[in-house]
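A note on names: the letters A, B, ... follow the listed sequences, proteins ahead of strands, and every chain is numbered from 1.
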Amino acid sequence: MQGVWKKSAGSNGEKRTKALQKGTIAYIIEKLLMRPVETARLPARRCMTILSMGSVITLKYEFTTIEKKWQKKWLEEKTYAAEEKSAKPKFYGLVEFPYPSGQGLHVGHPRPYTAMDIVARKKRMDGYNVLFPIGFDAFGLPTENYAIKNHVHPAKVTRDNIAHFTEQLKMLGFSFDWDRVVDTTDPAYYKWTQWIFLQLYKKGLAYKATMPVNWCTSCKCVLANEEVVEGVCERCGAPVIRKEKSQWMLKITAYAQRLIDDLDDLDFIERVKLQQKNWIGRSTGAEVVFKATTGDDIVVFTTRPDTLFGATYMVISPEHAFVKQWADRLTNLKEVEEYVAAAARKSDFERTELAADKEKTGVMLQGVRAVNPVNGREIPIFISDYVLATYGTGAIMAVPAHDTRDWAFAKKFGLEIIEVVSGGEDVQKAAFTAKDDTGILVNSGFLNGLTVKEAIPVITRWLEEQGIGHEQVNYKLRDWVFSRQRYWGEPIPMVWCDKCGWQPLSEDQLPLLLPDVESYEPTDDGESPLSKMTDWVNTTCPCCGGPARRETDTMPQWAGSSWYFLRYMDPHNDKALASKEALDYWSPVDWYNGGMEHTTLHLLYSRFWHKVLYDIGVVPTKEPYQKRTSHGMILGLNPHSFDNLSTEEQERLTAQYGGEKGARAHLVEQYGEMADHPIVKMSKSLGNVVNPDDVVKEYGADTMRMYIMFLGDFEKAAPWQTNAVKGCKRFLDRVWNLHEGQIAPGEGYSAANESAIHKAIKKVSDDIEAMKFNTAIAALMALVNDFYANGVNRADLKALLLMLSPFAPHIVEEMWEHLGFGVAGMACQQSWPVYDESKTVDAEVTIAVQVCGKMKTTIQAAADSEEEAVLAIAQADGKVAKAIEGKSLVKTIYVKNRLINLIVK
RNA sequence: GCCGGUGUGAUGGAAUUGGUAGACGUAGUGGACUCAAAAUCCACCGCCAGCGAUGGCGUACCGGUUCGAGUCCGGUCACCGGCACCA
């Protein structure tokens, strides 16, 4: 017991006052423990335990045994099951459920899970009825690919992976409610995913449209975006092109405005709100009609109607309907058609390449021109793929003087650039794009002299009066492509009848089960593997009863994850996706933590579905999640980086390549740009992935949990350093050792520790709420250091254990039991300790003394002292006196309990 | 290119939001204990000068506001993440 020994042994290395005689019980125990003991302070019961068992096992911090013991107990007693109904207030904490991949859990998973586990455990101790569930997002491509490669059914792969994940999650001691696990591939679950699809269809929010898909020219199959690597097929290396295919779409754009507006009332971190807003991309502008010389109206969308006088040409997208419509008038039809064909052939990769180059391409439509409605000037029309068919109207008016893309295009094709907003540099050299009040309209008739801001409403009103335009809002957000030509997904419950068209399955036919197929390989014609199951495909029309065919595409992985949090509220319900009572009680999710990478897809999709469910009266709240926070990634050491090589290796390379610079350049050449950085993402190919199992095996789950929370700011990316894990293990060892000897009884906190304990409770409570887990742990470490310095009584130790319990639950329960606190139930079932604000302030404070803003020294003063008193103490200080000697005091600035600044001349 | 974020010791990171820069860890150095090692305990640990008391410098860089700036403002550079011709 070091804390006790310190008193007799002294802090500066005095010899121990009492030498133990060889052969005594105390001597043997000391040898076994490998540290000093004092038998007088070791309870007789413990001595007997040691002797009767012939080992010190009950005294050592045997984390493996302890962790297994408590995990078993929690599971058997359903310690963390949420109560169906309760007088307590509710708290619903949610983490993103994992995709159960074959590799199992990696250290990226426990970071957010441990964080929310700590919050959930703290909330229980705060008296909440807590729902903290987990499940598996198990449909998806990797499982399907694994199944194809290894000839195992994806359902079996999924089952095995889920079993493995479950075991790993349990090993880390998360307080999940294991009775509420959901699995998106379970028919009892996806029945309701299909049901929601039918509701979307009935509301007119699901429709068929022709969309381009990635098509591998060699495998003759549709690829997901992630299967296309640098423009070629991941599997065979053949080029990937875009091919038109009829797909189910969900009309998320109908909810664009509400998805923006309703963010205001939510407690999401700003980054998330901003990213969603930018993704939805609302922009206000105007639609303007340009007459073509054919007599057709060309409608363009512009955010800068004020620059209308500067429009010197038009551009329409190669896919625009007018291109075909005007075919017989075009004198350069062949050239135009070639350009259209080339644009269609382009893969996304090539388009991106071109964008990076900023090299504009296009063809002028010879034989058709347009008229600028403000000044009657005839201007040429081009087709170019920098104008997207999918945004706005697929046609633009080009104002090269004030748009960088138009400017680049005009320069390349030698088109006229007319300045209509003054205030920038020469528009012949670069476009002037400022939208604020710095620019004044020129060369613009009735708009001359106005600022850009003033001109926009004036021109918009004029367009409306003329009947050739109006204000228009556009969104970047596009509708959600909902079909996948894949096996391992939810079947879409729709039937095609040649007579009646698309018909929804009736709800009592759900779930529409995914049939077993022989092969999950994609088909040669790009259809889903389900299309080969003729028995399944051929059915009868729900409308006329005639022969009909099922939809063979399946849903994307986003489907199941768009509503899973609702299922947790009532996971075994077979009458509804969840009962009304459960939805009313648990909605909304109070706190949802997840990765930033899900901000624009999963998070937005699920908000959209939830709003649809709200509109049809299924869920009680407009929004699914009240609060959203986000964690940073765990990074790994880069084994190819110079900084992470062994000293010998560094020396060898330095010698070989002429200095460190040469060696680094060599590594970059060999391994790519990534070799520049000592810290990189963890990835299998780099071999720097850390497996939580290994850490748990070597140090225990509690140490793993402590370290992953201690390694840095939760919201920021942080590198994993295995050697630093020890620090947390040492801390837990020190906590454990606190209870090995005798502890002073004490009902209240010991005088020496009282203030530190109150401060720690305040700090830890606040930090958990703010997700500053690293500083909360630092505060606990500091408290334990205090305990070692001051000694500790039972009440002190009890407070420490309660605070530590959310972080390191296993060791706490074990110590709690040893110390006899267990009669009141487990530590995790106790109330969170309270602090007394008045006891968090010290009677005496340290005050910094500055002279003319320069730090000179610190002084001690009674708390809340008045300025005069502090000034007197400061002036009496030798250093201060010396600094102000011979000068006169002009002014003092005093910050209570903190600082006094003497200004002298 | 645009949007967002970050830049602090050898190292991961703290800093009451404008008030003692480097808490708490890791690594390192010295010491105690040990036959020895491990473990544990004690002390030191930003840089420069000095035996020392002490003095000077220091939060990517340049400048500003302020009694006082890691924190606020202007500019520059570097890195990370997201989007990628959105009219």
Side-chain angles (χ1 to χ4, degrees), chain A residues 2 5-6 9-16 33-36 270-271 274-275 277-279 281 283 285 300-304 315 348 351-352 354-358 360 384-388 390-399 403-406 408-409 474-478 596-597 599-600 632-633 635 676-677 679 681 707 710-713 715-721 723-728 730-731 733-734 737 763 766 772 774-782 785 788 846-858 879 890-895 898-903:
Chain A
Q2 293 81 2
W5 266 107
K6 229 187 133 209
S11 56
N12 44 7
E14 273 173 55
K15 295 279 177 210
R16 277 165 58 198
L33 291 176
M34 291 184 288
R35 64 177 162 258
E270 274 311 307
R271 290 187 286 161
L274 203 67
Q275 212 170 303
K277 278 184 190 163
N278 289 345
W279 184 263
S283 58
V300 303
F301 172 71
T302 176
T303 54
R304 296 291 302 277
V315 185
D348 284 346
R351 279 182 166 231
T352 310
L354 289 168
D357 288 344
K358 299 275 171 244
K360 296 279 180 285
S384 173
D385 61 7
Y386 86 89
V387 171
L388 307 176
T390 49
Y391 183 77
T393 59
I396 62 156
M397 62 175 208
V399 185
D403 182 282
T404 44
R405 293 152 304 182
D406 296 346
F409 190 88
N474 261 333
Y475 301 92
K476 284 190 214 174
L477 185 69
R478 313 234 192 105
M596 278 310 283
E597 70 273 22
T599 304
T600 51
M633 257 188 312
L635 306 175
D676 259 350
H677 311 295
I679 307 290
K681 261 190 201 178
Y707 177 65
F710 185 61
L711 56 65
D713 184 340
E715 294 197 6
K716 290 189 198 135
W720 178 273
Q721 290 172 300
N723 65 341
V725 176
K726 284 191 242 197
C728 291
R730 276 184 201 150
F731 167 69
D733 281 336
R734 277 161 71 76
N737 291 342
K763 176 83 180 145
D766 293 351
K772 300 186 100 179
N774 54 338
T775 49
I777 290 171
L780 291 171
M781 287 173 168
N785 291 345
Y788 269 87
T846 307
I847 291 176
V849 183
Q850 297 183 340
V851 175
C852 293
K854 282 252 176 202
M855 261 299 293
K856 286 298 164 195
T857 187
T858 58
K879 283 182 204 164
V890 184
K891 189 181 166 189
T892 59
I893 289 131
Y894 177 57
V895 183
R898 207 145 286 285
L899 161 144
I900 187 158
N901 188 1
L902 313 183
I903 312 300

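Nucleotide G9(B) has no partner under the Watson-Crick or G-U criteria, as no pair reaches both atom distances under 3.5 Å. Checking G50(B) for Watson-Crick or G-U wobble geometry (two distances, each under 3.5 Å) identifies no partner in any strand. Pairing for C83(B) goes to G1(B), judged as Watson-Crick or G-U wobble with the two contacts each under 3.5 Å. Pair check for G28(B) finds C44(B); Watson-Crick or G-U wobble, both atom distances under 3.5 Å. With a cut-off of 3.5 Å on both pairing distances, A69(B) has no Watson-Crick or G-U wobble partner at all.
Residue Lys879(A) places at least one side-chain N or O closer than 4.0 Å to OP1 or OP2 of U54(B). Using a 4.0 Å cut-off, no side-chain N or O of Asn774(A) falls inside it from OP1 or OP2 of G12(B). Of the side-chain N and O atoms in Arg478(A), none sit less than 4.0 angstrom from OP1 or OP2 of C83(B). One finds no side-chain N or O of Asn785(A) lying less than 4.0 angstrom from the OP1 or OP2 phosphate oxygen of A23(B). Between A87(B) and Ser283(A), a contact under 4.0 Å exists linking OP1 or OP2 to a side-chain N or O. For the OP1/OP2 pair of U54(B) and a distance below 4.0 Å, the side-chain nitrogens and oxygens of Lys856(A) include no atom meeting the criterion. Residue Arg734(A) places at least one side-chain N or O closer than 4.0 Å to OP1 or OP2 of C41(B).
Nearest to the side chain of Ala782(A), among C24(B), G12(B), A14(B), sits C24(B). If you check G82(B), G12(B), C24(B) against the side chain of Met781(A), the one that comes closest is C24(B). Ranking A21(B), G25(B), C83(B) by closeness to the Phe710(A) side chain, first place goes to G25(B). Nearest nucleotide to the Val895(A) side chain, out of G12(B), A23(B), G19(B): G19(B). Among the nucleotides C83(B), A15(B), U20(B), the one closest to any side-chain atom of Thr846(A) is U20(B).
One C1' atom belongs to C79(B), the other to G28(B), and the distance between them is 28 Å to the nearest Å. Taking atom C1' in both C61(B) and A78(B), one finds a spacing of 10 Å when rounded to whole Å. Only the P atoms considered, U8(B) is 9 Å distant from G13(B), to the nearest whole Å. When the P atom is compared between G9(B) and A14(B), the two are found 14 Å apart, to the nearest whole Å. Here, A60(B) and G68(B) have their C1' atoms 23 Å apart, quoted to the whole Å. On the C1' atoms, G74(B) is 29 Å away from U20(B), given to the nearest whole Å. On the C1' atoms, G58(B) is 16 Å away from G7(B), given to the nearest whole Å. Taking atom P in both U76(B) and G81(B), the straight-line distance is 23 Å, to the nearest Å.
Nucleotide A23(B) holds its C1' atom 14 Å from the CD1 atom of Ile777(A), rounded to whole Å. In this entry the distance linking OH of Tyr391(A) with P of C83(B) reads 18 Å, nearest Å. In this structure, CZ of Phe731(A) is placed 19 Å from P of A39(B), rounded to the nearest angstrom. Rounded to whole Å, the distance from CZ on Arg730(A) to C1' on C41(B) is 12 Å. Nucleotide C67(B) holds its P atom 14 Å from the CG atom of Leu899(A), rounded to whole Å. As rounded to whole Å, 13 Å separates atom P of A84(B) from atom CG of Leu477(A). Computed from coordinates, the Lys726(A) NZ to U11(B) P distance equals 19 Å when rounded to whole Å. Between the CG atom of Asn901(A) and the P atom of A69(B) there is a distance of 10 Å, given to the nearest Å.
Glycosidic conformation of U65(B): anti, with the torsion beyond 90° of 0. Base orientation of G9(B): syn, since the glycosidic angle falls within 90° of 0.
Annotation: of the two residues near RNA chain B, Ile893(A) and Ala724(A), the 5′-most nearest-nucleotide partner is Ala724(A). Two residues, Val725(A) and Tyr707(A), neighbour RNA chain B, and the one matched to the more 5' nucleotide by heavy-atom proximity is Tyr707(A).
Checked by distance alone, Gln850(A) brings a side-chain donor or acceptor within 3.5 Å of a matching partner on the base of G19(B).
To the nearest 0.5 Å, the span separating CE on Met855(A) from CG on Leu899(A) amounts to 8.0 Å. From Asp713(A), atom CG reaches atom CG of Asn774(A) across 6.0 Å, with rounding to the nearest 0.5 Å. Taking CD of Gln850(A) as the reference point, atom OG1 of Thr892(A) lies at 12.5 Å (rounded to 0.5 Å). Summarising the geometry, atom OG1 belonging to Thr775(A) is positioned 10.0 Å from atom CG belonging to Leu780(A); distances are rounded to the nearest 0.5 Å.
With contacts defined as side-chain heavy-atom distances shorter than 4.5 Å, the pair Arg478(A)/Thr390(A) qualifies. Contact check for Asn278(A) versus Lys476(A): no side-chain heavy atoms found under the 4.5 Å cut-off. Between Thr600(A) and Gln275(A) there is a side-chain heavy-atom pair separated by less than 4.5 Å. Side chains of Asp406(A) and Tyr386(A) form a contact here, defined as non-hydrogen atoms less than 4.5 Å apart.
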For this session: Determine, step by step, whether Asn785(A) and Arg734(A) satisfy the side chain to side chain contact (heavy atoms under 4.5 Å, CB included) criterion, reporting the C-alpha distance in whole Å, the side-chain angles of both residues, the deciding distance to 0.1 Å, and the verdict.
Result: CA-CA 9 Å; Asn785(A) 291 345; Arg734(A) 277 161 71 76; 2.9 Å; yes

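Although no hydrogens or angles enter the test, the distance criterion places no donor-acceptor pair under 3.5 Å between the side chain of Tyr707(A) and the main chain of Trp720(A).
Residue Asp713(A) is classed as a sugar-phosphate contact, given heavy-atom separations below 4.0 Å to backbone atoms only. Among the protein residues, Thr302(A) comes within range of the sugar-phosphate backbone only, with heavy atoms under 4.0 Å from sugar or phosphate atoms but none that close to a base. Using a 4.0 Å heavy-atom distance criterion, Lys763(A) is classed as making no nucleic acid contact.
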Sub-3.5 Å pairs of nitrogen or oxygen atoms, protein against nucleotides 77-80 of chain B:
unit_1: C80(B); atom_1: OP1; unit_2: His677(A); atom_2: NE2; d: 2.8

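Looking at every heavy atom in both residues, Gly394(A) comes nearest to Val387(A) through O-CG1, 3.5 Å.
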